[in-house]
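In what follows, a structure is listed as structure tokens, so that the remarks can point back to it.
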Amino acid sequence: MGVMSGPYVIRGSVSLPETELMWRFSRSSGPGGQHVNTSDSQVELRFDLAATEALPQVWKERALQRLENRLVGGVVVVRASEHRSQWRNRETALVRLASLLAEATAPPPKPRRRTKIPRGINERRLREKKQRGETKRGRSGRDW
């Protein structure tokens, strides 16, 4: 087994502190063959979002607000059990948690500014529309 690939960066210089991650392992319901009943390959990763000091205060408040439906007592829980190896499930869980936090702490999008359509363009559109309607009306053989 190798070393897990470094600290998981959320965004910029902010990363998940290894000390604040709580791991739990259990038997997975996924693939595994004869090996499945003996290994705890399902991974549950917990991160106490409410108590962490690793995130800037603004990010923390934003994440707590956006993830409020997912939190259980201020703790984010991520599960992974799709791989047969616990190691790969740990990697998957870490990546999921990092991307979840990156999304939850992202700044809100800039408000959309309405654009004014120039009057000439609007008039031309209406003129062409009327012309088109006339053309189509002329196709019906009503007054022959």
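Just so it is clear, the values below take in all heavy atoms, side chains as well, and ignore hydrogens, waters and symmetry mates. Please read all numbers here as calculations on a predicted model, not as lab measurements.
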(request) Answer whether the closest heavy-atom distance between the side chains of Glu44 and Arg46 falls below 4.5 Å. (result) yes

(message) Is there a side-chain contact between Phe47 and Leu94 in this structure, where contact means two heavy atoms from C-beta onward sitting under 4.5 Å apart?
(response) no

(message) For the CG atom on Leu126, are there more than 12 heavy atoms of other groups (residues, nucleotides or ligands in this structure) within a distance under 6.0 Å?
(response) yes

(request) Please name the pair of heavy atoms, one in Val43 and one in Ala93, separated by the smallest distance, quoted to 0.1 Å. (result) CG1-CB, 4.1 Å

(request) Kindly indicate whether the side chain of Gln131, heavy atoms from C-beta on, has any atom under 4.5 Å from the side chain of Arg127. (result) no

(message) Nearest 0.5 angstrom please: Glu91 CD to Ser85 OG, how far?
(response) 9.0 Å

(request) Search all heavy atoms of Ala63 against all heavy atoms of Thr105 and return the closest pair with its distance. (result) CB-CG2, 3.9 Å

(request) Tell me yes or no: between the side chains of Arg125 and Asn122, is some donor less than 3.5 Å from an acceptor? (result) yes

(message) Rounded at 0.5 Å granularity, tell me how far NE2 in His83 sits from CZ in Arg90.
(response) 14.0 Å

(message) Can you tell whether the side chains of Glu103 and Arg70 come within less than 4.0 Å, N to carboxylate O?
(response) no

(message) In this structure, would Trp23 and Leu100 fall into the same cluster of hydrophobic residues linked by side-chain contacts under 4.5 Å?
(response) yes

(request) Answer yes or no: are there more than 12 heavy-atom neighbours, outside Gln65 itself, under 6.0 Å from its atom CD? (result) no

(message) For Arg139, I'd like to know if atom CZ has over 12 heavy atoms of other residues, nucleotides or ligands within 6.0 Å.
(response) yes

(request) Taking atom CZ of Arg96 as the centre, report whether more than 12 heavy atoms of other residues, nucleotides or ligands fall under 6.0 Å from it. (result) yes

(message) Please report the interatomic distance CG(Leu45) to CZ(Phe25), rounded to the nearest 0.5 Å.
(response) 9.0 Å

(request) Could you tell me whether the side chain of Gln42 reaches within less than 4.5 Å of the side chain of Asn89, counting heavy atoms only? (result) no

(message) Taking the side chain as everything from C-beta on, heavy atoms only, tell me whether Arg66 gets closer than 4.5 Å to Pro108.
(response) yes

(message) Any heavy-atom pair between the side chains of Leu101 and Leu67 that's under 4.5 Å?
(response) yes

